[in-house]
Enquirer: 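The structure under discussion is supplied below as structure tokens; questions concerning it will follow.
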Amino acid sequence: MRARMLIATTMLAAVVALAAGCGGGGTSGGGGGGGGGVVKGGILRVGTTNYIDALNPFVAIESQSYNAFVMEYPQLVQYGPGPKLEGDWATSWSHSSDGLTWTFHVKPGKWSDGKPLTAADAAWTGNTIVKYGAGPAAYLAAALTHVTKMDAPNASTLVIHYDKPIANVLPQLEQFWVLPEHVWGPLVGSDGKGLKSYRPEQHLPTVSGGAYEITKYQEKGTTVFKPNPNFYGPKSNADAVALTYYTNSTSMIADLQNGNIDFADQVPYNAISSLKSSGQFKIDSVASSEVTNITINSNPLKTKNRELLDPNVREALEYATDRNQIVNVIYAGYAQPWANMLSVQSGKFWLNPAIKPLPYDTDKANQILDSLGYKKGPGGIRVVPATTGKYAQPAHKMEYNVIVPDSLDFNGDRQFQIIADTWAKVGIKLHEVAGGDSGQAYGLETAGKYTKFDFATWDWAEYIDPDAQLSYMTRGQWYSWNDTGYNNPVFDKQYLQQATLTDPKQRQALVWKMEAEIAHDRPYIQLVDEGLVTANDKSWTGFYPDLGAYCKCYYTSPHKTG
């Protein structure tokens, strides 16, 4: 699942400022960490265990794809060091007194192919997403919820119209990438389906308005980012960035130690001590936005194993889950037990303090399952009695499959075994199913209109503002970001309402209520909030490890040491 890393420092003052919505921004320049002057040149070689699954923002899922979009395409605003929202392409912005009209002034520029980059590109991109938001553009639609249209009265001015005043305009627009109309416009077709079928990786170099164009792409190999000479912002200190995907973290760390890469964007937890002791590498450990989970099929129309729809059964399963063992074994302590759908990055203001992980208690889990009439049978596996009615089921064992994707950035196989062992203690038998890459695993989850799977284990890594994560639970995100089949019309209405509450405390109250509803219904059993550990060779400095997929400075800032 998409993984985006960002340290959590959002405070109420920032929320109030964004709700007010007036301001402007500069663009970050220098790098984080390390001292001395900037030495330009060289190829920054980055190792990762997260791959770019597509260069098309209408179909991509993986975190590295979103990092690529940040590097390739203009954004009105981005998260810079702090982290704080700042202008990227936009130099300033303001809104009307009724909050329905926002005006952005943007820098002059050119696309990497020499064509003019203007506000008309942004207006076309936004209007296309709005037009096809219920279909081919659904992946990007949540960022423009309540937008009715965009206008470009001149090359440097973009006007965005909303149907209601919105509390989180700027955080939402951080997720809005401006595409070149002259490339994408002819591809749309009459129904918008061309938005999803286009493959930029087959037409390299990509046409970019951001800091880099992609000149080489390998989904499971090396992708090369070459600086865009027409970029409107701070230029890349490196001559190029080469991102190499590793199928396993052991090989990645070996290449770091042997000098074949300069930066590992996520260090396996069992390698941290050896890297520290060598003295050759700078290790950074920051809070991240990634929350791992057990995904539970929540489609109320599923016809098989309907006992798993019962919130009481899900409560029992949470009691049977040993989060502390997962923290210690899988993450070597670089994680914390977690229960909220939002991550620690959202900060205290957005996190409902009443939502806490249940303790590991197999006695309590057994007590709940016993009370529901699921008695243990042969081999200690519980049996669900036969049911009648519209969704009648024969008696069957509580024996289920768990989809485990191979694109996880943690040891999913080992985590599955921990869960299988503890759930066996309460009479539930699990079988691991290889999920393949993210697209394949998502296909297994959505098969048969979300009726074929029972469990998966995956992760979400999230934005600071809660809007995006809330949107993923709506019916409108089926076949896009919704991976559980959760379908709650009341929740869907609350989602649309929360963004319109411009009073921060009113919005907070509704967001907390929505978090509590998800915690009760448990479309996920949240497991841990991960820590992020990165490592770079000390011959390079200027890294912002917490700003991956949020800031162009993630690639433009690093430079060789003097």
Side-chain angles (χ1 to χ4, degrees), residues 1-2 4 6 8 10-12 14-21 57 66 75-79 83-85 95 99 102 126 129-130 133-134 137-148 160 162-177 289-291 340-352 355 460-478 480-484 486 488 490-519 523-524 549-550:
M1 194 58 65
R2 181 175 59 184
R4 299 177 56 119
L6 187 63
T10 303
M11 296 181 290
L12 176 58
V15 176
V16 174
L18 295 182
Y66 284 80
Q75 299 163 275
L76 294 173
V77 295
Q78 65 179 358
Y79 280 103
K84 64 181 185 300
L85 279 167
H95 63 67
W102 283 68
I129 292 172
V130 170
Y139 273 21
L140 305 182
L144 301 184
T145 301
H146 296 291
V147 171
T148 58
I160 305 179
Y162 289 84
D163 60 11
K164 293 180 176 65
I166 301 303
N168 58 338
V169 167
L170 296 181
Q172 291 293 85
L173 290 177
E174 186 274 334
Q175 305 162 47
F176 172 56
W177 297 283
S289 64
E290 189 164 353
V291 175
N340 201 302
M341 66 181 298
L342 303 181
S343 75
V344 67
Q345 71 141 16
S346 290
K348 291 182 179 180
F349 185 77
W350 292 122
L351 291 171
N352 185 334
I355 299 174
W460 279 107
E462 308 162 12
Y463 297 89
I464 287 179
D465 188 271
D467 188 284
Q469 200 64 25
L470 297 173
S471 77
Y472 303 156
M473 306 309 304
T474 64
R475 179 62 175 83
Q477 285 296 317
W478 271 36
S480 294
W481 289 117
N482 187 320
D483 62 346
T484 66
Y486 189 72
N488 182 340
V490 173
F491 186 93
D492 291 358
K493 291 179 181 178
Q494 291 171 334
Y495 167 70
L496 293 175
Q497 181 187 5
Q498 55 84 28
T500 68
L501 299 176
T502 55
D503 182 305
K505 293 297 291 183
Q506 290 183 357
R507 185 172 179 231
Q508 179 197 53
L510 182 53
V511 168
W512 281 16
K513 182 178 181 180
M514 296 170 74
E515 292 171 36
E517 290 168 359
I518 295 299
Y524 304 103
Y550 275 98

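Keep in mind that the numbers below use all heavy atoms, side chains included, and drop hydrogens, waters and symmetry copies. Throughout, numbering of the chain's residues begins at 1 and tracks the sequence.
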Enquirer: Please report the closest heavy-atom contact between Ala143 and Gln175, naming both atoms and the distance.
Expert: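 Smallest interatomic distance, heavy atoms only, reads CB-CB, 3.9 Å.
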Enquirer: Who pairs with Asp492 by side chain to side chain contact (heavy atoms under 4.5 Å, CB included), at least two apart in sequence or on another chain?
Expert: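 In terms of side chain to side chain contact (heavy atoms under 4.5 Å, CB included), with neighbours along the sequence ignored, Asp492 is linked to Thr474, Arg475.
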Enquirer: Have Gln498 and Asp467 got a donor and an acceptor in their side chains that come within less than 3.5 Å?
Expert: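 Asp467 and Gln498 do have a side-chain donor-acceptor pair below 3.5 Å.
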Enquirer: Of all heavy-atom pairs between Ser480 and Tyr139, which one has the smallest distance, and what is that distance?
Expert: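 Taking Ser480 first and Tyr139 second, the nearest heavy atoms are CA-CE1, 3.0 Å.
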Enquirer: I'd like to check Leu85 versus Gln78 (side-chain heavy atoms, cut-off strictly below 4.5 Å). Are they in contact?
Expert: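 When only atoms from C-beta onward are counted, Gln78 and Leu85 do not touch, as no gap falls below 4.5 Å.
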Enquirer: Could you work out, with side-chain hydrogen bond (donor to acceptor under 3.5 Å, both in side chains) as the rule, every residue matching Thr484, not counting sequence neighbours?
Expert: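 With sequence neighbours excluded, Thr484 shows a side-chain hydrogen bond (donor to acceptor under 3.5 Å, both in side chains) to Asn482, given in chain and number order.
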Enquirer: Tell me every residue that passes side-chain hydrogen bond (donor to acceptor under 3.5 Å, both in side chains) with Gln506, counting only those two or more places apart in sequence or in another chain.
Expert: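 In terms of side-chain hydrogen bond (donor to acceptor under 3.5 Å, both in side chains), with neighbours along the sequence ignored, Gln506 is linked to no residue.
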Enquirer: So, taking the atom named CG in Asp163 and the one named OG1 in Thr500, what distance separates them when rounded to the nearest 0.5 Å?
Expert: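 That separation rounds to 9.0 Å.
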Enquirer: Once rounded to the nearest 0.5 Å, what's the spacing between atom CD of Gln494 and atom CG of Leu501?
Expert: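 Those atoms lie 10.5 Å apart.
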Enquirer: Nearest heavy-atom pair of Gln508 and Trp350: which atoms, and what distance?
Expert: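 In this case the closest contact between Gln508 and Trp350 is CA-CZ3, 3.6 Å.
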Enquirer: Looking at Arg507 and Ala499, what are the two nearest heavy atoms and their distance?
Expert: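 Shortest heavy-atom separation between Arg507 and Ala499 comes out as NE-CA, 4.1 Å.
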Enquirer: For Tyr550 and Ile464, work out which heavy atoms get closest and say how close.
Expert: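 Closest approach of Tyr550 to Ile464: OH-N, 4.0 Å.
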Enquirer: Quick one: are Met473 and Met514 in side-chain contact, heavy atoms under 4.5 Å?
Expert: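 No, their side chains stay 4.5 Å or more apart.
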Enquirer: Would you say Val344 and Val291 make side-chain contact, with heavy atoms under 4.5 Å?
Expert: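 Side-chain contact under 4.5 Å: no.
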Enquirer: Specify the closest pair of heavy atoms between Ala549 and Tyr66, including all atoms of both residues, with the distance to one decimal.
Expert: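 So the two residues come closest at CB-C, 4.3 Å.
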Enquirer: For the CD1 atom of Ile166 and the CD atom of Gln172, what is their distance to the nearest 0.5 Å?
Expert: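 Those atoms lie 8.5 Å apart.
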Enquirer: Is the closest side-chain heavy-atom distance between Glu290 and Ser343 below 4.5 Å?
Expert: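 Not in contact.
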Enquirer: How would you list, by chain and number, every residue that makes a side-chain hydrogen bond (donor to acceptor under 3.5 Å, both in side chains) with Gln469, sequence neighbours excluded?
Expert: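 Gln469 satisfies side-chain hydrogen bond (donor to acceptor under 3.5 Å, both in side chains) with no other residue.
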Enquirer: Return the CH2 to CG distance between Trp481 and Leu140, rounded to the nearest 0.5 Å.
Expert: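 Between atom CH2 of Trp481 and atom CG of Leu140 there are 8.5 Å.
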Enquirer: Decide yes or no for Ser346 and Tyr463: does some side-chain heavy atom of the first lie under 4.5 Å from some side-chain heavy atom of the second?
Expert: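 Ser346 vs Tyr463: side chains apart.
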Enquirer: Do Phe176 and Gln75 come within less than 4.5 Å of each other through their side chains, counting heavy atoms only?
Expert: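 Contact flag for Phe176/Gln75 side chains = no.
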Enquirer: My understanding is that only one of Leu144, Thr145, Val147 makes a side-chain contact (heavy atoms from CB on, under 4.5 Å) with Tyr162; could you say which?
Expert: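 For Tyr162, the side-chain contact (heavy atoms from CB on, under 4.5 Å) check succeeds only for Val147.
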Enquirer: Using a 3.5 Å distance criterion without hydrogens, assess whether the side chain of His146 forms a donor-acceptor pair with backbone atoms of Leu496.
Expert: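 Yes.
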Enquirer: I'd like to check the ring-ring contact (aromatic ring centres under 6.0 Å, His included) partners of Trp478; sequence neighbours left out, ordered by chain and number.
Expert: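 Scan of Trp478 (ring-ring contact (aromatic ring centres under 6.0 Å, His included), adjacent residues dropped) gives Tyr450.
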Enquirer: How long is the gap from CG on Leu342 to CG on Leu470, to the nearest 0.5 Å?
Expert: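 Here the interatomic distance stands at 6.0 Å.
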Enquirer: Output the distance between atom CD1 (Ile160) and atom CG (Leu76), rounded to the nearest 0.5 Å.
Expert: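 One finds 5.5 Å between CD1 of Ile160 and CG of Leu76.
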Enquirer: Can you sort out the partners of Gln477 under side-chain hydrogen bond (donor to acceptor under 3.5 Å, both in side chains), two or more places apart, ordered by chain and number?
Expert: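 With neighbours one apart ignored, the set is empty.
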Enquirer: If you define the side chain from C-beta out and look only at heavy atoms, does anything of Gln497 sit under 4.5 Å from Leu510?
Expert: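 A side-chain contact exists here, since the closest heavy-atom pair is under 4.5 Å.
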Enquirer: Please determine whether side-chain hydrogen bond (donor to acceptor under 3.5 Å, both in side chains) holds for the pair Asn488 and Glu517, giving the CA-CA distance in whole Å, both sets of side-chain angles, and the decisive distance to 0.1 Å.
Expert: CA-CA 10 Å; Asn488 182 340; Glu517 290 168 359; 5.1 Å; no
Enquirer: Taking side chain as C-beta onward, heavy atoms only, is Asp483 less than 4.5 Å from Trp460?
Expert: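 A side-chain contact under 4.5 Å exists here.
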